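Please read the structure below before turning to the comments.
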Amino acid sequence: MAIIETEATLHEAHRDNHTHRDVNGGWLRPAVFGAMDGLVSNLALMTGVAGGAVSQQTIVLSGLAGLAAGAFSMAAGEYTSVASQRELVEAELDVERRELRKHPKDEEAELAALYESRGVEPGLAREVARQLSRDPEQALEIHAREELGVDPGDLPSPAVAAVSSFGSFALGALLPVLPYLLGAGSLWPAVLVALLGLFLCGAVVAKVTARSWWYSGLRQLALGGAAAGVTYALGSLFGTAVG
């Protein structure tokens, strides 16, 4: 009895701990990319403009314009990209659906051959394929997973991707502008807030990807700082040349 209880306990522990995060959803990549892009691009834009020795009003206006233009551009790009990808997958699913309807035995044999290639005994592979093929929708899902690498019931949403991109980009792009809107009179508070935001954003991403938080945060900090430094130098150079 003790052995049975121990095995049950181990089984429950495995069941409770053996869970995975959603890696196919349409929100994570555009949200992360949008926040990073908003921070880096708007910080670089504002430092580049500031390097040209322009007025504070011009820097703030550039930051707000960069926020609006970037957010709408990201949303439109993500919507188009994800919609095109989804339409391509749906077209391939229609092809597979027609094949299952016209040549069910061939598709069943194809599935059995796939299981055999993975080490399943031939007779058992044929029986598994036969049972799984009895339900057309289940058969379509299995063939889609095995042949296309997609889950028909979990395709990314273009609208979710677009909204995620818009909101995250706008939030990231707002950080460099925020100190000016709160009364800052120089570029440095905006730079410090943006760099802190990059570090925190990188650290948060590490929670999702299982990377170490300090490595991910420092990596984003270094990349954003480098972009800001280069554009500031270019702004100073071109500002002097134009002036």
Side-chain angles (χ1 to χ4, degrees), residues 25-83 156-209 211 213 215-239:
W27 66 271
L28 179 60
R29 184 186 64 84
V32 170
F33 180 70
M36 297 294 187
D37 192 29
L39 264 167
V40 175
S41 64
N42 220 29
L43 174 61
L45 172 64
M46 292 175 64
T47 53
V49 172
V54 298
S55 66
Q56 177 179 325
Q57 182 180 9
T58 302
I59 298 173
V60 175
L61 182 60
S62 298
L64 292 174
L67 185 158
F72 281 110
S73 176
M74 283 287 294
E78 281 294 334
Y79 186 91
T80 302
S81 174
V82 175
S157 166
V160 170
V163 171
S164 298
S165 292
F166 184 94
S168 59
F169 185 99
L171 182 61
L174 179 63
L175 287 182
V177 187
L178 195 58
Y180 281 106
L181 298 179
L182 296 177
S186 67
L187 179 65
W188 290 112
V191 172
L192 292 176
V193 168
L195 293 179
L196 177 61
L198 281 169
F199 180 83
L200 292 176
C201 196
V204 169
V205 170
K207 294 296 184 180
V208 179
T209 61
R211 254 301 191 183
W213 64 270
Y215 174 84
S216 183
L218 288 176
R219 179 177 60 184
Q220 292 305 134
L221 178 64
L223 292 173
V230 169
T231 54
Y232 184 86
L234 291 174
S236 299
L237 178 63
F238 291 136

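As the structure is a computational prediction, the values presented were derived from the model and not from experiment.
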(request) Kindly give the heavy-atom pair with the smallest separation between G34 and M74, and that separation in Å. (result) CA-CE, 3.6 Å
(message) Could you report the tightest heavy-atom contact between P179 and A190, atom names first, then the distance?
(response) CG-CA, 3.6 Å
(message) I'd like to know if the side chain of Q220 and the backbone of G197 have a donor-acceptor N/O pair within less than 3.5 Å.
(response) no
(message) Please find the pair of heavy atoms, one from V40 and one from L198, that lie closest to each other, and give the distance.
(response) CG2-CD2, 3.7 Å
(message) Quick check for you: to the nearest 0.5 Å, what is the distance between Q56 atom CD and L61 atom CG?
(response) 12.5 Å
(request) Identify the two heavy atoms, one from A161 and one from V82, that lie closest to each other, and give their separation to 0.1 Å. (result) CB-CG2, 3.6 Å
(message) Tell me the closest heavy-atom pair linking F169 and S41, and the distance in Å.
(response) CZ-OG, 3.6 Å
Show me, pair by pair, the donor-acceptor contacts under 3.5 angstrom made by side chains of residues 221-235, not counting sequence neighbours?
{"residue": "T231", "atom": "OG1", "partner": "A44", "partner atom": "O", "Å": "3.0"}
{"residue": "T231", "atom": "OG1", "partner": "T47", "partner atom": "OG1", "Å": "2.9"}
{"residue": "T231", "atom": "OG1", "partner": "A227", "partner atom": "O", "Å": "3.0"}
{"residue": "T231", "atom": "OG1", "partner": "A228", "partner atom": "O", "Å": "3.0"}

(message) Working to the nearest 0.5 angstrom, can you tell me the gap between L171 CG and L67 CG?
(response) 9.0 Å
(request) Work out which heavy atom in L187 is nearest to a heavy atom in A50; give both atom names and the distance. (result) CD2-CB, 3.7 Å
(message) Working to the nearest 0.5 angstrom, can you tell me the gap between F199 CZ and S216 OG?
(response) 9.0 Å
(message) Test your reading of the model: is there a side-chain donor-acceptor pair from S81 to the backbone of G77, 3.5 Å cut-off?
(response) no
(request) Inspect the surroundings of OH in Y180 and state if more than 12 heavy atoms from other residues, nucleotides or ligands are less than 6.0 Å away. (result) yes
(message) Rounded at 0.5 Å granularity, tell me how far CD1 in I59 sits from CG in L64.
(response) 12.0 Å
